[in-house]
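The analysis underlying the following values was restricted to heavy atoms, covering all of them including side chains, and did not include hydrogens, waters or symmetry mates. Throughout, protein chains are lettered first and strands after them, A, B, ... in sequence-line order, and every chain is numbered starting at 1.
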Protein chains: 2
Amino acid sequence: MTRPVQERTLKTRARLIEVAQALVASGGYEALRVEDVVSGAGVAKGTFFAHFKDKDALMERLVGAELADRLDRAEASEPPVSVETLIAALRPFHRFMTSERYVFDLILRYSGAAAIAEIGPIAQCLQRYSVLVAGWIETGAYRRDISADLLAEGVQAFSVQAMSLQFCALHRAQDFEERLALYLDAWMVPAA
Amino acid sequence: MTRPVQERTLKTRARLIEVAQALVASGGYEALRVEDVVSGAGVAKGTFFAHFKDKDALMERLVGAELADRLDRAEASEPPVSVETLIAALRPFHRFMTSERYVFDLILRYSGAAAIAEIGPIAQCLQRYSVLVAGWIETGAYRRDISADLLAEGVQAFSVQAMSLQFCALHRAQDFEERLALYLDAWMVPAA
DNA sequence: AATTTATATTGACCACGGTCATTTTTATTG
DNA sequence: CAATAAAAATGACCGTGGTCAATATAAATT
C-alpha cells in the first residue's frame, strides 16, 4: 500500500536544493557538479537520483524558480504600452535567460512539454510568458489583423532569435534590446 | 617549423568520418558513440581527439554536410515566389533539422560562431540559409517597408519557433508547415 | 645511413552522470 | 513490543566523453 511522504524526504530534498543554489550562486550553473551537491548535503550519490530523475531535473527546478520569480515581478508591474516599455518589462526575464550560455540552452531544450500533463517548470514559465505578453498586447496599440496570441508567439520567437545572436561573436556588437526593438517594431506596430 | 599534413592523417580522418556516417545511417545521431567510431576505424580513442576537438566537432561536420547538401539543392531550384513555395523550397532543410531532437538541439547550439573567423560548418549553413532566403525575398512580392535581410532573419526565427513547437507534446497536433505558413503570412505579406 | 625533429598514434587513466542490489530507517500490524 | 512491510538512503559499480605522457612513424638534416 502507498504511504504518505516522510518528512525526512522533504528535508533531504530541501537540503539538496539549498546546497545546489548556494553552489550556483558562487560558481554558476554550468560548473555545478552532482558530486558537490551530495557531498555538501551530506548524502550519498544515489540519494540525489532518488529525488531527481537526472541532473537536468534539478537544473529545471533551479532555473524555473528564477524565471518564475522574474515573471512574478513582470506581472505585478504596470502593463507596458509600447514596444520600448514591453522590452523593458521583460528585461529581467531576458537578462536571466542570457546570463549563461548553459542556461539559455537548457531553457530552449526544456521549453516544450515532453509529454502532455507532464509540463516541467521551464515550459510552464514560457507558457506564462506567452500569456502575459498576449495580455499586454490586447490592451496596447498594436496591429489588429492577427490575434494577440499569434503576436505573442512572435515576440517569443524574436526574443529567442535576438538572444541567439547575442551569443554569436559575429553579431555581439549590436545590443540585444536594440535588435529586439528592431524586430518587434517590424512585427507588432501597425503600418503607418 | 611547420610541415605539410601527412597523407596518413587525411586517410585516418576520412576513415573516422566514413565510419561515423555509416553508424549514423544505421542508428541515428543520438546513439553515436565515439568508441564505436574508433573501433570501426581501427584506431585508438586518443586518435579521435587528435582529429576532432570533441565529439560535437564531429557532429558539426556530419550535420553541417547534410545541411549544406540541402542548401545546394535549394539554391539550384527555381526561386519561390510566395510563402507557400518558399516553405516548400526550404522543406528538405527543415525536415533534416527536425529529423531528431538531438540534431535540432545541436544545430541551435552551434548556430552562431563562437569566435570571429572560427565559424563552424553549422553556423556557416545558417548564414547561407539567411542569404538565400533574403535573395528570394528581394525578387518576391513581399512587404517593402523593411529590408530583405530583416525579413529573412524573421523567417529563420519563425522557422525555429515552429520547429520547437513540433517537438512539444502540447502543440504537435498542428502541422509544422501549417504553423510556419501562419507565421510567415503575418510576417512577410504586405497588408492588403 | 644515421641522427634529429616534427607529427601521428596509443591506451591507460580520469571526470562525471547515472544505476541498482543491499542496507538502514521509518511506519504499520498483530 | 516484536515482527513485518514500505520507503529512503547507501556506495560500489558502470558507460562514455575526454586527457596526456609515452611511443611509433614519417620527414628533414648532417
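Sparse packing is recorded around CD of A:Glu84, with 12 or fewer heavy atoms of other residues, nucleotides or ligands lying under 6.0 Å away.
Each of D:dT10, C:dT26, C:dA8 was ranked by its minimum atom distance to the side chain of A:Gln6; first place goes to C:dT26. Side chain of B:Thr47, nearest nucleotide from C:dT9, D:dA8, D:dT10: C:dT9. Listed nucleotides: C:dG17, C:dT10, D:dT16. Nearest to the side chain of A:Val34: C:dG17. Closest to the side chain of B:Phe49, from the set D:dT19, C:dG17, D:dA5, is D:dT19. Side-chain proximity of A:Arg33 to the nucleotides D:dA8, C:dG17, C:dT7 is greatest for C:dG17. Looking at the side chain of B:Ala50, the nearest of the listed nucleotides C:dA8, C:dG18, C:dT9 is C:dT9.
The phosphate of C:dA27 (OP1 or OP2) has no side-chain N or O of A:Arg3 nearer than 4.0 angstrom. Here A:Lys45 does not reach the OP1 or OP2 of D:dG11: none of its side-chain N or O atoms lies under 4.0 Å away. Contact check, B:His51 against C:dA8: no side-chain N or O comes under 4.0 Å of OP1 or OP2.
For the pair B:Lys55 NZ and C:dG17 C1', the interatomic distance rounds to 14 Å; values are reported in whole Å. Atom-to-atom, CD of A:Glu35 to C1' of D:dT10 comes out at 14 Å; the value is rounded to the nearest Å. Rounded to whole Å, the distance from CG on A:Leu58 to P on C:dC16 is 16 Å.
Contacts of residues 17-31 of chain A with DNA chain D (heavy atom under 4.0 Å): none. Applying a 4.0 Å cut-off to non-hydrogen atoms, the residues of residues 7-15 of chain A that approach DNA chain D are A:Arg8, A:Thr9, A:Thr12, listed by residue number.
Nucleotides of DNA chain D nearest to A:Gly42 and B:Phe48 differ in position, and the one nearer the 5' end is that of A:Gly42.
Taking 4.5 Å as the limit, every side-chain heavy atom of A:Met163 sits out of range of all side-chain heavy atoms of A:Leu180.
For A:Asp185, the salt bridge (charged side-chain N to carboxylate O under 4.0 Å, His left out) criterion is met by no residue, not counting sequence neighbours.
The aromatic rings of A:Phe176 and A:His94 lie perpendicular to each other, with more than 60° between the two planes, well past the 30° mark. Relative ring orientation between A:Phe93 and A:Tyr129 is described as tilted, the plane-to-plane angle lying within the 30° to 60° band.
In this structure, a donor-acceptor pair under 3.5 Å is absent between the side chains of B:Ser130 and B:Glu153.
Looking at B:Trp187, its side chain does come within 3.5 Å of a backbone N or O of B:Leu151 through a donor-acceptor pair. Using a distance-only test at 3.5 Å, with no hydrogens or angles considered, a donor-acceptor pair links the side chain of A:Tyr142 to the main chain of A:Ser82. Remark: side-chain polar atoms of A:Arg179 are not paired, donor with acceptor, to backbone N or O of A:Phe158 under 3.5 angstrom.
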